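None of the values given here were measured: they were computed from a predicted structure.
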Amino acid sequence: MSIEELYKRYKTELFSLAYRMLGSVMDAEDIVQDAFLSYNGLSDAGTIRNERAFLYKIVTNRCLDLLRSSAKKREMYVGPWLPEPLIDKGASDNDPSHKYLRSESISTAYLLLLQQLSATERAVFLLREIFHYSFEEIADIVGKSIANCRQIFHRAKKSIHFDPDQQPSVSVAEEKIKEFVNSLLQGNTSKLLELVSENVVLYSDGGGKVRAAQVPVVGFEQVLKLHQHSINLHAGKITYSFLMVNGLPGIRLHLDEGIQYVYSFAYRDHKIEAIYAVANPEKLRHLS
């Protein structure tokens, strides 16, 4: 198979692996491009029997290297860390590889659960749970024994508490988000209480570069107060649009001075349980 055919067939799923590993759209794109360049530069590429597994091995190990080298930077990050928002650009459903970007396992809430795992645990868990590799194949990819990979996977799975049944359909979520925005702008508190949990948590990622809460904001009243303050502060200078963010309807918010926020949401018991707002301009460069 030519490098062009390999790229067309595996680019999307390799990106989805790297993005889940890193939480960075730009780093994931760079690693996937580098993987294909490395493969294309091999003198003995024609002898490789399983090109997909070989490319997965390159991407996985590039991700592990990057995570280890950037661990200190993550520890020093200012305020809550959120993954770079992945915006749905209307990819064709005819491409079977795009199923990896439509799963609930691309949601912001799920990605944050993955961040609780070590780099190796994350790799083993994703390769097994999402990409359905055998433990024999995973052992070869990550360079560990089969028995060790089994142990790592079962330990990681116990740590991931995610209930996909809590996630609403796209149409229901879209309706909720539009009602959420309209109710905020109109100051309709009673309607907001129907949409948002009393224990809602707002996570704002400004990375120390733009105005954002440096600790999670907990509780309906505090989250409402913060948004009302922002609406009053930027009165007449707020524009917004609705778009798909990490597999569910979200919001792109533009304020004055070029500042923007991308919102995504998590749900429980038919209400918004968590709000994720990314404002760090470095994490939104890929949107321009």
Q. How would you list, by chain and number, every residue that makes a side chain to side chain contact (heavy atoms under 4.5 Å, CB included) with D34, sequence neighbours excluded?
A. S38, R62

Q) Do any N or O atoms from the side chain of D269 and from the backbone of K271 form a donor-acceptor pair under 3.5 angstrom? A) no

Q) In terms of the angle between their ring planes, are F265 and Y267 parallel, tilted or perpendicular, with boundaries placed at 30° and 60°? A) tilted

(Q) Are V181 and L184 packed together at the side-chain level, in the sense that at least one heavy-atom pair is separated by less than 4.5 angstrom? (A) no

Q) Using 30° and 60° as the class limits, which term best fits the ring planes of F125 and F153: parallel, tilted or perpendicular? A) parallel

Q: Answer yes or no: is there a donor N or O on one side and an acceptor on the other, between the side chain of H286 and the main chain of P85, under 3.5 Å?
A: yes

(Q) Given 3.5 Å as the limit, does a donor-acceptor pair link the side chain of S159 with the main chain of R155, or not? (A) yes

Q: Apply side-chain contact (heavy atoms from CB on, under 4.5 Å) to the pair L117 and I160, showing each step before the final yes or no.
A: CA-CA 9 Å; L117 304 176; I160 300 294; 4.0 Å; yes

**Q.** N-O pairing of R52 and E13 below 4.0 Å
**A.** yes

Q.
Under a 3.5 Å distance rule, please check whether N199 uses its side chain to pair with a backbone N or O of V201 as donor and acceptor.
A. no

Q) How far apart are the C-alpha atoms of S169 and S171, what are their side-chain angles, what is the distance that settles it, and do they pass the side-chain hydrogen bond (donor to acceptor under 3.5 Å, both in side chains) test? A) CA-CA 5 Å; S169 67; S171 59; 3.2 Å; yes

Q) Is R252 close to L287 at the side-chain level, that is, under 4.5 Å between some pair of heavy atoms? A) yes

Q) Any side-chain heavy-atom pair from K283 and W81 closer than 4.5 angstrom? A) yes

Q.
So does L86 get a backbone contact from the side chain of N246, meaning a donor-acceptor N/O pair under 3.5 Å?
A. yes

Q. Does any non-hydrogen side-chain atom of Y261 lie less than 4.5 Å from one of I251?
A. no

Q) Can you list the steps and then say if K8 with E5 is a salt bridge (Lys or Arg N to Asp or Glu O under 4.0 Å)? A) CA-CA 5 Å; K8 184 177 180 180; E5 291 173 315; over 6 Å; no

Q | Plane angle bin for Y276 and Y203 - parallel if under 30°, tilted between 30 and 60°, otherwise perpendicular | A | parallel

